[in-house]
Amino acid sequence: MVATTIPVDTFDLVIIGGTGDLARRKILPGLFRRMCAGQMPDTARVIGASRTDLDQTAFQEFVREALSEFAGETQCDEGAVDRFLTMLDYVPLDVFGDAGWKALKSKLRPDVIRAVYFSVGPSLFGEIARKLTAHKVTDENSRIVVEKPFGHDLETAQLLNAELRDCFKEDQIYRIDHYLGKETVQNLMAVRFGNALFEPLWNAQHVDHVQITVGETVDVDGRGAYYDKSGAMRDMVQNHIMQLLCLCAMEPPSKYGADAVRDEKLKVIRALEPVSAKDVVRGQYGSDDGVARYTDHAGDPKSKTESFLAMKVNVANWRWAGTPFYIRTGKRLRARMSEIAIIFKDPPHSIFEGQPDRKGNVLIIRLQPDEGITLRVTIKEPGPGGMRLTEVPLDMTFAEALGDQVAFMPDAYERLIMDVIRGDQTLFMRGDEVEAAWAWVDPIIQAWQAAGDTPAQYDPSGSGPEDSLMLLHRDGRRWREIKT
Ligand code: NAP
């Protein structure tokens, strides 16, 4: 059974930065797949804009190549690519100039949904917002989509928010964090709030601790200079991991709606305790057998930027007091593994004499690979050997359970772009949320900068620096193994 798709209303989507990497890899192939799935109407229009001097035909050829490279195995009829190309147009313009905006406006239709995707570096966001309004390309009903990174710290995020809000209302601004478009991340809300089973146990009384891991095998080669200015905290924790933590820790919203969900997430961020230096472990991947180390990729032998970060985080509210959240993320680790693990408390008393103490149940929500959910439970070991206990996973891999529905599942970008067209902001970050996240992160970064903290080296293909293991060991706990 293939997932049902409800067609969206027709729209005009402008992609500023239409010739860039993100447009080529994600946005344009994503739109193509939505058209093939019957969700994007044939009357929709997509207009690329950037400085490169292309005409409509040249842009269509550019997109044809992008689709052949990045559209993957899309189930589509033979003429689909040509049909998609007829929806495309292009306007050359430099964001800092005044030429081109009138031509862009003339290509847009009145009375259809209008969205502008800022698929460019954040230093251009303010100028684009000003030009769009000055040249009346957008009006009070238009939507804008902005990419991460949203600021480098609280000050730059506030500045960016102020620049956008000078031209657009908050309900017109869609700040993308593509993690929120992932199927499993949304499933976290479905599991928590669509089942009566878990919610009564979802608190400090029953949960011992929570582990959030986003591990990658890739290094930063090719984008080392860029990455070196951000590091794991800014690149991964302030946005993606923060969102996972919020969805995991938040109170049930009164309904699944943009402000109800985002209000609850914001409360979690505001309840995060400051993190002291002893609860933070930073690392840089080293080298094995001639493979370049982090500092080689960064192009700076003295770089103090972290490619690995582990932290113990406390949420200071009634639900979570005393139940820590341990988070870790890193490049060049043993396996690509992203998961949230809810580790429940041990049974209060064992009635099975002579059996090793039982571990508490663990609920694992896997983001990658093999998106799915596992619940570890204790059962009797089969056979006549008396009452011997063992642990087994109750495993639900989406691909197995849902078959074709998963094979043709939209990727995060596809889903989020369609949400923009539908006018649904639930899976987009609100301005105050982004600022609150920076307000929590900034002092942690400032503290290690003030102390001149140097990240510990860790073995490539391991699970991070030794000290990150100690972060849990000293609390009598251990990380779940990083493995595929
Ligand atoms: P990119 O490959 O460098 O593309 C930038 C685009 O902006 C190009 O189309 C460029 O085209 C256009 N541009 C630059 N200056 C311009 C100007 N003054 N006026 C008009 N157009 C201009 O960057 P990208 O990788 O696509 O990234 C775009 C944004 O998405 C960034 O904020 C990035 O952090 C974010 N992002 C990207 C990815 C990804 O997978 N690539 C993933 C997550 C987030 P011309 O040179 O023709 O003007």
- Message: Could you tell me if Y458 and S307 have a donor-acceptor pair between their side chains, going purely by distance under 3.5 Å?
- Response: yes
- Query: Listed by chain and number, what are the side-chain hydrogen bond (donor to acceptor under 3.5 Å, both in side chains) partners of D82, not counting sequence neighbours?
  - Reply: R64
- Heavy-atom side-chain contact between V46 and I15 under 4.5 Å: yes
- Message: Any heavy-atom pair between the side chains of L104 and W101 that's under 4.5 Å?
- Response: yes
- Is it true that the side chains of Q368 and R336 contain a donor and an acceptor less than 3.5 Å apart? yes
- Query: Quick one: do E140 and K169 make a salt bridge, cutoff under 4.0 Å?
  - Reply: no
- Answer yes or no: is there a donor N or O on one side and an acceptor on the other, between the side chain of K131 and the main chain of D94, under 3.5 Å? no
- Is the shortest heavy-atom distance from the side chain of V95 to the side chain of V120 under 4.5 Å? no
- Which residue pairs satisfy the side-chain hydrogen bond (donor to acceptor under 3.5 Å, both in side chains) criterion with at least one member in residues 434-443, sequence neighbours excluded? N161-E435
- Within the distance-only criterion (no hydrogens, no angle test), does the side chain of R332 pair as donor or acceptor with the backbone N or O of P460 below 3.5 angstrom? no
- Query: Looking only at atom types and distance, does a side-chain atom of Q284 sit under 3.5 Å from a main-chain N or O of S303, one as donor and one as acceptor?
  - Reply: yes
- Message: Quick test of your reading of the model: are D411 and K26 salt-bridged, counting only N-O distances below 4.0 Å?
- Response: yes
- Message: Can you see whether E433 engages Q243 through a side-chain donor-acceptor pair at a distance of less than 3.5 angstrom?
- Response: yes
- Note on the structure: Sequence neighbours excluded, the answer for side-chain contact (heavy atoms from CB on, under 4.5 Å) partners of L159 is none
- Does D453 reach the side chain of V280, with side-chain heavy atoms less than 4.5 Å apart? no
- Message: Parallel, tilted or perpendicular: which one describes the rings of H240 and Y179, with boundaries at 30° and 60°?
- Response: parallel
- Note on the structure: Applied to residues 45-71, the ring pair (Phe, Tyr, Trp, His ring centres under 6.0 Å) test, sequence neighbours excluded, yields F59-F62, F59-Y90
- Item | D296 (side chain) donor-acceptor with R293 (main chain) under 3.5 angstrom | yes
- D139 and S142: side chain donor to acceptor below 3.5 Å: yes
- Side-chain ion pair, E170 and R175, N-O less than 4.0 Å: yes
- Message: Could you check whether Y285 and H297 have their ring centres less than 6.0 Å apart?
- Response: yes
- Query: Can you name the side-chain hydrogen bond (donor to acceptor under 3.5 Å, both in side chains) partners of T57, sequence neighbours left out?
  - Reply: none
- Task: In plain terms, say whether D166 and R130 are close enough for a salt bridge, that is, a side-chain N and a carboxylate O under 4.0 Å apart.
- Result: no
- So do I445 and R234 actually touch side chain to side chain, heavy atoms under 4.5 Å? yes
- Take atom CG in D21; do more than 12 heavy atoms of anything else shown fall under 6.0 Å from it? yes
- Query: Between D42 and R83, is there a side-chain N and carboxylate O pair less than 4.0 Å apart?
  - Reply: yes
- Ignoring hydrogens and angles, tell me if any N or O in the side chain of D12 forms a donor-acceptor pair with the backbone of R109 under 3.5 Å. yes
- Message: Could you measure the distance from the CG atom of L28 to the CZ atom of R33? Nearest 0.5 Å is fine.
- Response: 11.0 Å
- Item | side-chain hydrogen bond (donor to acceptor under 3.5 Å, both in side chains) partner of Y294, the single match among D300, D228, D221 | D228
- Query: Would you say M250 and V261 make side-chain contact, with heavy atoms under 4.5 Å?
  - Reply: yes
- Steps toward side-chain contact (heavy atoms from CB on, under 4.5 Å) verdict (L367, L244): CA-CA 10 Å; L367 275 67; L244 300 182; 4.0 Å; yes
- Main-chain N/O of A258 paired with R262 side-chain donor or acceptor, under 3.5 Å: yes
- Greater than 12 external heavy atoms within 6.0 Å of E155's CD: no
- F428 vs Y174 aromatic rings, parallel, tilted or perpendicular, using cut-offs 30° and 60°? perpendicular
- Task: Check for a donor-acceptor pair, side chain of E306 on one end and backbone N or O of A232 on the other, with a separation under 3.5 Å.
- Result: yes
- Query: Got a salt bridge between E216 and K331, using NZ or NE/NH1/NH2 to carboxylate O under 4.0 Å?
  - Reply: yes
- In chain order, what residues pass the side-chain hydrogen bond (donor to acceptor under 3.5 Å, both in side chains) check against E199, with sequence neighbours excluded? R192, R319
- Task: Evaluate the side-chain proximity of T213 to R328: yes if any heavy-atom separation is below 4.5 Å, no if none is.
- Result: yes
- Going by heavy atoms in the side chains, are V63 and F32 under 4.5 Å from each other? no
- Message: Can a donor-acceptor pair be found, under 3.5 Å and without considering hydrogens, that links the side chain of T133 to the backbone of C167?
- Response: no
